[in-house]
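See below for the structure under consideration.
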Amino acid sequence: MNGNRQKKKNAVEANRNQTGCLKTTLILVGVSVIFIGLLVLVADIKCGYDIENWWAPLYPNGKTVKVEYDLFRPRALGETFWFMESSDDVETVKQFYRDTRLATLKAGKNRGIANSESAVHPLENGEGSQIILYSTCGT
């Protein structure tokens, strides 16, 4: 009789160990997913801030015409093309972006994982400027 009782006790303990191992695995997987999600969120926020405030701010006298992006939101993680138009002449707009970049460099800001470019062209109708802002982050 003691032998049967011992076998049942061993079976219950083995089942408890398997359940504990499954719970531990699920907890570890859950913590890993949350950790990775937080890293992505922090990177997205940091990229958005750096691009918006330092590397490629929107032109103050510009009107957004079109936005193309490939991840969660524009001007953050991923790649973004932002198209604007302004009644200001090309040289005025280019000078704004030169001054912005110079101020950013003087402030000692580095790009980190964010990268951006700006291009300014005359509008096809002749009056004003077309502004194309390209930014990429984490790619």
Side-chain angles (χ1 to χ4, degrees):
M1 193 86 140
N2 266 346
N4 284 338
R5 186 176 277 168
Q6 186 64 35
K7 285 181 183 178
K8 286 181 182 179
K9 185 178 179 183
N10 288 343
V12 168
E13 285 180 17
N15 190 24
R16 193 177 308 145
N17 286 340
Q18 289 174 345
T19 303
C21 185
L22 179 61
K23 286 180 184 177
T24 302
T25 301
L26 290 175
I27 289 170
L28 288 174
V29 168
V31 168
S32 298
V33 167
I34 290 170
F35 180 73
I36 291 169
L38 285 173
L39 283 177
V40 169
L41 179 64
V42 168
D44 186 73
I45 291 169
K46 175 74 170 128
C47 283
Y49 179 83
D50 286 351
I51 290 167
E52 188 69 34
N53 294 297
W54 293 105
W55 296 108
L58 298 179
Y59 187 66
N61 194 24
K63 181 182 102 179
T64 299
V65 176
K66 182 178 171 184
V67 178
E68 298 174 1
Y69 61 98
D70 65 356
L71 274 180
F72 313 117
R73 62 191 181 114
R75 298 168 59 81
L77 278 178
E79 186 176 62
T80 301
F81 288 92
W82 195 287
F83 300 88
M84 301 178 76
E85 290 181 355
S86 174
S87 58
D88 293 344
D89 63 283
V90 172
E91 190 52 41
T92 301
V93 177
K94 284 183 176 182
Q95 189 61 47
F96 168 80
Y97 283 106
R98 281 191 293 265
D99 293 344
T100 299
R101 293 284 168 100
L102 186 59
T104 299
L105 293 171
K106 283 182 178 180
K109 299 295 180 185
N110 63 10
R111 290 190 183 272
I113 59 174
N115 186 26
S116 63
E117 299 293 330
S118 59
V120 183
H121 307 286
L123 285 175
E124 289 181 14
N125 67 11
E127 296 281 326
S129 304
Q130 177 188 39
I131 306 159
I132 303 168
L133 300 175
Y134 168 78
S135 62
T136 183
C137 194
T139 56

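Hydrophobic clustering of Ile, Leu, Val, Met, Phe, Trp and Tyr side chains at less than 4.5 Å, counting indirect connections, keeps Val120 apart from Tyr134. Hydrophobic clustering of Ile, Leu, Val, Met, Phe, Trp and Tyr side chains at less than 4.5 Å, counting indirect connections, keeps Leu58 apart from Ile51. Leu105 and Tyr49 end up in the same hydrophobic cluster when Ile, Leu, Val, Met, Phe, Trp and Tyr side chains are linked at under 4.5 Å.
Nearest heavy-atom pair, Gly48 versus Arg73, reported as atom, atom and distance to 0.1 Å: CA-NH2, 4.2 Å. Across every non-hydrogen atom of Asp70 and Gly78, the tightest pair is OD1-CA, 3.3 Å. Between Leu133 and Ala56, the shortest heavy-atom contact is CD1-O, 4.0 Å. Shortest non-hydrogen contact noted between Ser129 and Val93 is OG-CG2, 3.8 Å. The two residues Ser86 and Gly62 make their nearest non-hydrogen contact at CB-CA, 4.2 Å. For Val90 against Gly128, the heavy-atom pair with the smallest separation is CG2-O, 4.3 Å.
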**Request:** Would you check, one step at a time, whether the test side chain to side chain contact (heavy atoms under 4.5 Å, CB included) holds for Phe72 with Leu41?
**Result:** CA-CA 10 Å; Phe72 313 117; Leu41 179 64; over 6 Å; no

**Prompt:** Stepwise, does the side chain to side chain contact (heavy atoms under 4.5 Å, CB included) test hold for Ser116 with Arg101?
**Reply:** CA-CA 10 Å; Ser116 63; Arg101 293 284 168 100; 3.1 Å; yes

**Request:** Just do the side chain to side chain contact (heavy atoms under 4.5 Å, CB included) check on Lys109 and Asp50 with the steps written out, would you?
**Result:** CA-CA 9 Å; Lys109 299 295 180 185; Asp50 286 351; over 6 Å; no

**Prompt:** Between Leu123 and Glu127, is a side chain to side chain contact (heavy atoms under 4.5 Å, CB included) present by the stated rule, with each step listed?
**Reply:** CA-CA 6 Å; Leu123 285 175; Glu127 296 281 326; 5.8 Å; no

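Taking CZ of Arg75 as the reference point, atom OG1 of Thr136 lies at 13.0 Å (rounded to 0.5 Å). Interatomic distance, NZ of Lys23 versus CG of Leu28, reported as 14.0 Å (0.5 Å rounding). For the atom pair Glu117 CD and Ser135 OG, the distance stands at 10.5 Å (nearest 0.5 Å). A distance of 11.5 Å separates CD1 of Ile131 from NZ of Lys94, quoted to the nearest 0.5 Å. Separating the CD1 atom in Ile132 from the NE2 atom in His121 is a distance of 4.5 Å, to the nearest 0.5 Å.
Residues Leu102 and Arg98 form no side-chain contact, since every pair of their non-hydrogen atoms from C-beta on lies 4.5 Å or further apart. Within the 4.5 Å cutoff, the side chain of Lys66 has no heavy atoms near those of the Phe81 side chain. You'll find the side chain of Val65 stays beyond 4.5 Å of the side chain of Gln130, heavy atoms only.
Judged purely by atom type and a 3.5 angstrom limit, Asp44 uses its side chain to pair as donor or acceptor with the backbone of Leu77.
Between Tyr59 and Phe96, the ring-plane angle classifies as perpendicular under the 30° and 60° cut-offs.
Between Thr64 and Trp82, the side chains place a donor N or O and an acceptor N or O closer than 3.5 Å (distance only, hydrogens not considered).
Within 6.0 Å of CD in Glu91 there are more than 12 heavy atoms belonging to other residues, nucleotides or ligands.
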